[in-house]
Each structure stands twice: as structure tokens, then as C-alpha cells.
Amino acid sequence: MEGLPDVTSFATKLKNTLIQYHNIEDDKWRVAKKTKDVTVWRKPSEEFNGYLYKAQGVLDDIVNNIIDHIRPGPCRLDWDSLMTSLDVLEHLEENCCVMRYTTAGQLWNIISPREFVDFSYTVGYKEGLLSCGISLDWSEKRPEFVRGYNHPCGWFCVPLKDNPNQSLLTGYIQTDLRGMIPQSAVDTAMASTLANFYVDLRKAL
């Protein structure tokens, strides 16, 4: 496994970073996009010179089913319109893996297709689950794709207190798309992509 010495401590550090994001006070966020079902906020990232995005919406399904749709596996390609391929390169410990995936071009291909190699980890969180990931510096590259980089990202999914058949899904995404793209194009694409993610996921569920 390239550049990943201790899986357990790496996974724990990633989980703790996501929990820190989850505890950021509301007044630190600015609304980037709002639809009737989803709100997307953003704040400057502390990892790179882009934004950390937060997305939140309620889904009519149980936690395990939602997270099974999100985490790496055959389910994800069936419904996520942005993802064009997904391969699990290596299964590590339980609920940890390394995956390589590619995304479609966006904004009339101003943003060309991207490739990512991510470490993925799914773990219990309160009454629900957290599925989180971070990109790895994987040396094998494919020339037809720009290699993007995901700083710590993740999805918290917890049942609603008054209706356990519904779940609150909160995502934190900070993606460095790399390559030559105006930052304004990235910011436009990110907020819309996150809102569309919920639309696609709702249809799949």
C-alpha cells in the first residue's frame, strides 16, 4: 500500500477531522445554494486555497441503506451521474479500502474529466454512520485524466429522532480539482454538484 503506513491511525485521524468539521459553528458558514430539499454552505478551507462545502438534506430511508449507496461499491455507479467509473484497488481492514474513480466533465467541459485515488473508511457515528475519505498520492497515473485531490471529505448519516425511517445526511466536501480552471467555475460547479447528488440519491433510494 503506497504511502499509508498505519491504516488504523490514518482512519482514526480522518474520522476525527470530519467530526471537527461537523462541530463548526453555524455562523462560520455562508449559504452557497439552497433548493427546497437541500442546503449547501461553504467556508474557506484550512487545507487548501478553495472552499470546504457542507451539504444537508433529509432522505426517506434508513441510514444503512443510504450509506450503502454512497460508499465504494457497485451501487454507487448505478445512480451517481457524476461518477463514470469506480474500482476498489485494495481492501484493507474491515470497512477500509482504496478506490480509484473517475468523474465526468462539468460545465460544458470547462472542467474536464477527473480521476481520484481515495482511501475510504466507514464507521459508526452516534446512532448512525460516517463514510469518509481522503485522496492518496498514488503514483500510477492515466494520461487521459487530470488527477484531482480530495482533502478530508465525508458523509454523516443519522436517523431523525421523530422518524427513524428518515435520515439526515450531512456531507463535507473539499476537492482540489487541479489543472487550469478558474476558481469561479469550480465554485459554481461544486454547489450545483452537491445539490444534484441529493437529487440522484433520492431517485435511487
Spacing of CG belonging to Asp200 relative to NZ belonging to Lys203, to within rounding of 0.5 Å
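So the gap between those two atoms works out to 6.0 Å.
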Between Phe197 and Trp79, is the gap from one ring center to the other below 6.0 Å?
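Yes, ring centres under 6.0 Å apart.
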Taking a hydrophobic cluster as the set of Ile, Leu, Val, Met, Phe, Trp and Tyr residues connected by side-chain heavy atoms closer than 4.5 Å, whether directly or through intermediates, do [X] and [Y] fall within one such cluster?
| X | Y | answer |
| --- | --- | --- |
| Val158 | Val123 | yes |
| Met83 | Val199 | no |
| Leu86 | Leu201 | yes |
| Leu89 | Leu136 | yes |
| Phe48 | Leu14 | no |

Should the heavy atoms of other residues, nucleotides or ligands under 6.0 Å from [atom1] of [X] be counted, would the total exceed 12?
| X | atom1 | answer |
| --- | --- | --- |
| Glu94 | CD | no |
| Asn23 | CG | yes |
| Glu144 | CD | yes |

Indicate yes or no for a side-chain donor-acceptor contact from [X] to the backbone of [Y] under 3.5 Å, with no hydrogens or angles considered.
| X | Y | result |
| --- | --- | --- |
| Thr122 | Ser131 | no |
| Gln174 | Cys153 | no |
| Arg71 | His69 | no |
| Arg76 | Ile70 | yes |

For the residue pair Glu115 / Thr102, report whether a side-chain donor-acceptor contact shorter than 3.5 Å exists.
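Thr102 vs Glu115: no donor-acceptor pair found between side chains.
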Measure up the Tyr172 and Trp29 rings against each other and bin them: parallel (under 30°), tilted (30 to 60°), perpendicular (over 60°).
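Rings of Tyr172 and Trp29: tilted, 30 to 60°.
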